[in-house]
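Notes follow the structure.
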Number of protein chains: 2
Amino acid sequence: MSLNGIFPIDRWNFTTHSVLSVLSDQEMALLTRHVTEQRLFKGDVIFREGAVPSGIFVVRSGRVKKYKVDQTGREQIIYLAGPGELMGYHPVLSGERYADSAAAMEETMVSFIPKEDFMDMLARSPVFALRLLKAMSHEFTVLTNTISVIAQRTGPERLAIALIVLREKFKYGLNDHDAIPINISRADLANMAGLAEENVIRLLSEFKAEGILSTQGRKIIIKDIHLLVKRANYR
Amino acid sequence: MSLNGIFPIDRWNFTTHSVLSVLSDQEMALLTRHVTEQRLFKGDVIFREGAVPSGIFVVRSGRVKKYKVDQTGREQIIYLAGPGELMGYHPVLSGERYADSAAAMEETMVSFIPKEDFMDMLARSPVFALRLLKAMSHEFTVLTNTISVIAQRTGPERLAIALIVLREKFKYGLNDHDAIPINISRADLANMAGLAEENVIRLLSEFKAEGILSTQGRKIIIKDIHLLVKRANYR
DNA sequence: CAAAAAAACTGATATTTATCAGTTTTTGAT
DNA sequence: ATCAAAAACTGATAAATATCAGTTTTTTTG
């Protein structure tokens, strides 16, 4: 079932504009001539805030969290990247260091493209540059909405929105009628919603009592998406 | 006195990469051939969330807040734009609607460039496109840091950070040794720091008691920037 | 498959921040 | 300069959320 029209899911989480797809086969071959593949396991760090980038990453499979760590060690998850998404190109373009860190949330495959090849393709292909501008502009909308969610929504609303986003992120590869098991630790969920872990757990059992979801161990299954959207208090 | 090295002020608030400056005189003339100037007064809305953009804006003088309004009518200020900054080009590039609203915080001059002229220049000038990519990437860092401030800092820390940013934003046109009067309503300050207005006022008098600042009516003057940076708990 | 480790969960309490109902001060218009 | 309106400010209270100190369940590993 699609959420279009009910909840603007695309605005909250997806980078639907496929950036690489605008390249011709020839250009693609040029861009990926020095590409390397990496298999990552849960918790593996892909890049760390403050480090100097040497290339960009493409998520091939799995899920990656982008986050910032504060003084007390708490993580705030800023974005969740899935298959097909580009990561880590902003600091390459701006000549800065990484503004956040990225880590695999499960077994994940990523491709690494050296920054020289990326910048080279950008200079060669005006279409690619324009498409990247478009994709970044969209990401901007997503980040702006993230700010408003964190700053203006209550705890229960933030959790409900995080669950709606996660459900979409975990849909990948499943049939439409399948139940979608959201496989995420309570700690990661808390860091997404900006809540203490204990409060996430308490809210989850409230949602369960309301018939919104069920749990199987750590896995969360949304039973009534409309009720969940209502709980998110979306206007 | 510069804050470089003490507090990474640029990361938090400035779009220092001047986008228009890379254009030749000829290109500039082409871009600004249909430009119109507008004089705006305090509170005047420049664009509103959800509206369809028909061009981009350049702030010439004054200060503009970019914000989102929630169900209860509360504003969260996302960014504060000053002289030289481009506004409202993201939705033009992505073909979306405005993700946030913009309003003048004081008497302000803005230029309006029709989107056709902007897109035309982008197609004509690869240097311009690359520069825009660079500027947007930097903005990304700023937004990412905004998220971490809102999500991970305490109320007093958020207020201290807002004041540091505001002090820089109000520096424009003053001599280095001048006191910088931050002229902002308590309501706007609260909406920047993500606090209730009453708590901002209480915190301001705490800061005053600590010798960090003084007030003259609504105007705030930072007396000890090092103490303020300390209060922001920056590492 | 049993033991150990990790994660999920619970209840009580503390802390932070917002809300409400005002009073006082400042600002802007005549 | 005066008055009305708006903004700044104060104190008391309420609500939301975090923290602490555990117990129970689930997952992982030898």
Side-chain angles (χ1 to χ4, degrees), chain A residues 41-43 65 70-76 105-107 149-163 166 181-209 213-221 231-233, chain B residues 41-43 70-76 105-107 149-163 166 181-209 213-221 231 233:
Chain A
F41 297 96
K42 194 179 160 184
K65 61 178 171 184
D70 71 8
Q71 291 100 323
T72 70
R74 204 195 133 247
E75 286 178 9
Q76 173 65 42
M105 295 179 78
E106 55 186 286
E107 195 178 320
V149 168
I150 294 175
Q152 301 178 314
R153 299 309 196 105
T154 65
E157 285 172 355
R158 292 199 304 273
L159 180 61
I161 291 169
L163 288 171
L166 283 165
I182 300 172
N183 192 356
I184 190 175
S185 72
R186 299 299 174 262
D188 275 342
L189 190 49
N191 292 337
M192 248 185 110
L195 284 167
E197 192 176 325
E198 295 93 325
N199 290 327
V200 164
I201 290 165
R202 275 182 270 264
L203 285 169
L204 281 178
S205 48
E206 271 187 44
F207 287 5
K208 206 191 290 190
L213 52 83
S214 63
T215 55
Q216 287 173 19
R218 64 140 56 175
K219 288 193 194 72
I220 297 164
I221 290 156
R231 211 57 162 88
N233 198 16
Chain B
F41 298 95
K42 194 181 159 184
D70 71 8
Q71 290 101 322
T72 70
R74 205 194 132 247
E75 285 177 10
Q76 173 65 43
M105 295 179 80
E106 55 186 285
E107 196 177 318
V149 168
I150 294 176
Q152 301 178 312
R153 299 311 196 104
T154 66
E157 286 172 355
R158 291 198 305 272
L159 181 61
I161 291 169
L163 288 171
L166 283 165
I182 300 172
N183 192 356
I184 191 174
S185 72
R186 299 297 175 263
D188 274 342
L189 190 49
N191 292 336
M192 248 184 109
L195 283 167
E197 192 177 324
E198 295 93 326
N199 290 327
V200 164
I201 290 164
R202 275 182 270 264
L203 285 169
L204 281 178
S205 49
E206 272 187 43
F207 287 4
K208 207 190 292 189
L213 52 83
S214 64
T215 55
Q216 288 173 20
R218 64 139 57 177
K219 288 192 193 72
I220 297 164
I221 290 157
R231 213 47 164 97
N233 197 16

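Lettering follows sequence order; numbering is per chain, from 1. Just so it is clear, the structure is predicted and the values come from calculations on it, not from any experiment. Side chains are part of it too, since the values below use all heavy atoms of this structure and drop only hydrogens, waters and symmetry mates.
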Between atom [atom1] in [X] and atom [atom2] in [N], what is the gap in whole Å?
| X | N | atom1 | atom2 | value |
| --- | --- | --- | --- | --- |
| A:R153 | D:dT17 | CZ | C1' | 18 Å |
| B:E206 | C:dT16 | CD | P | 11 Å |
| B:E197 | C:dT17 | CD | P | 17 Å |
| A:R74 | D:dT19 | CZ | C1' | 14 Å |
| B:K219 | D:dA8 | NZ | C1' | 14 Å |
| B:I201 | C:dT23 | CD1 | C1' | 13 Å |
| B:L159 | C:dT17 | CG | P | 11 Å |
| A:R186 | C:dT10 | CZ | C1' | 15 Å |

Check: Which is it for A:Q76 and A:I150 under the side-chain contact (heavy atoms from CB on, under 4.5 Å) test, yes or no, and what are the steps along the way?
Finding: CA-CA 10 Å; A:Q76 173 65 42; A:I150 294 175; 3.8 Å; yes

Next item on the list: Establish, with yes or no, whether the OP1 or OP2 oxygen of C:dT17 is under 4.0 angstrom from a side-chain nitrogen or oxygen of B:N199.
Entry: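 For B:N199, the contact criterion (side-chain N or O under 4.0 Å from OP1 or OP2 of C:dT17) is not met.
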
Next item on the list: May I ask you to evaluate whether B:R218 reaches the phosphate of C:dT27, defined as a side-chain N or O under 4.0 Å from OP1 or OP2?
Entry: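 For C:dT27, neither OP1 nor OP2 has a side-chain N or O of B:R218 closer than 4.0 Å.
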
Checklist line | Listed nucleotide nearest any side-chain atom of B:A196, set D:dA8, D:dT17, C:dA18 | finding: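 Nearest listed nucleotide: C:dA18.
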
Note to self: Checking contacts here: which listed nucleotide (C:dA12, C:dA8, D:dG11) is nearest the side-chain heavy atoms of B:R202?
What the structure shows: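 Within the option list, the nearest is D:dG11.
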
Notebook entry, point to check: What's the verdict on side-chain contact (heavy atoms from CB on, under 4.5 Å) for A:F207 and A:I220, showing C-alpha distance, side-chain angles and the deciding distance?
Noted result: CA-CA 11 Å; A:F207 287 5; A:I220 297 164; over 6 Å; no

Notebook entry, point to check: Run the side-chain contact (heavy atoms from CB on, under 4.5 Å) check on A:M105 and A:I184 step by step: do they pass?
Noted result: CA-CA 8 Å; A:M105 295 179 78; A:I184 190 175; 3.8 Å; yes

Checklist line | Of A:R74, A:K42, A:K65, A:R218, the residue whose pairing with A:D188 passes salt bridge (Lys or Arg N to Asp or Glu O under 4.0 Å) | finding: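 The option that passes is A:K65.
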
Notebook entry, point to check: Is B:E106 close to B:N183 at the side-chain level, that is, under 4.5 Å between some pair of heavy atoms?
Noted result: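 In short, these two side chains do not touch, never coming nearer than 4.5 Å.
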
Item checked: Flag side-chain contact, heavy atom, 4.5 Å: B:N199 against B:R202 ->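 Yes, close enough: below the 4.5 Å cut-off.
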
Check: Taking five pairs at each end of the helix from C:dC1-D:dG30 to C:dT30-D:dA1, what angle separates the two helix axes (nearest 10°)?
Finding: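 It comes to 60° between the two terminal axes.
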
Next item on the list: Confirm from the modelled atom types if A:E198 and D:dC20 form a donor-acceptor pair under 3.5 Å, side chain to base only.
Entry: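 A donor-acceptor contact between them is present.
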
Notebook entry, point to check: Counting any heavy atom closer than 4.0 Å, what does B:L204 reach on the DNA or RNA strands: base, sugar-phosphate only, or nothing?
Noted result: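 No contact at all - B:L204 keeps every heavy atom at 4.0 Å or more from the nucleic acid.
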
Next item on the list: Give a yes or no answer on whether the side chain of A:R158 reaches the backbone of A:L195 with a donor-acceptor pair at less than 3.5 Å.
Entry: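 A pair under 3.5 Å: no.
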
Next item on the list: Report the residue (B:G217 or A:R158) whose heavy-atom-nearest nucleotide on DNA chain D is the more 5′ of the two.
Entry: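 Closer to the 5' end of DNA chain D: B:G217.
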
Margin query: Both B:K42 and B:P156 contact DNA chain C. Taking the nearest nucleotide for each, which residue is further toward the 5' end?
Written below: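 Counting from the 5' end, the first nearest nucleotide belongs to B:P156.
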
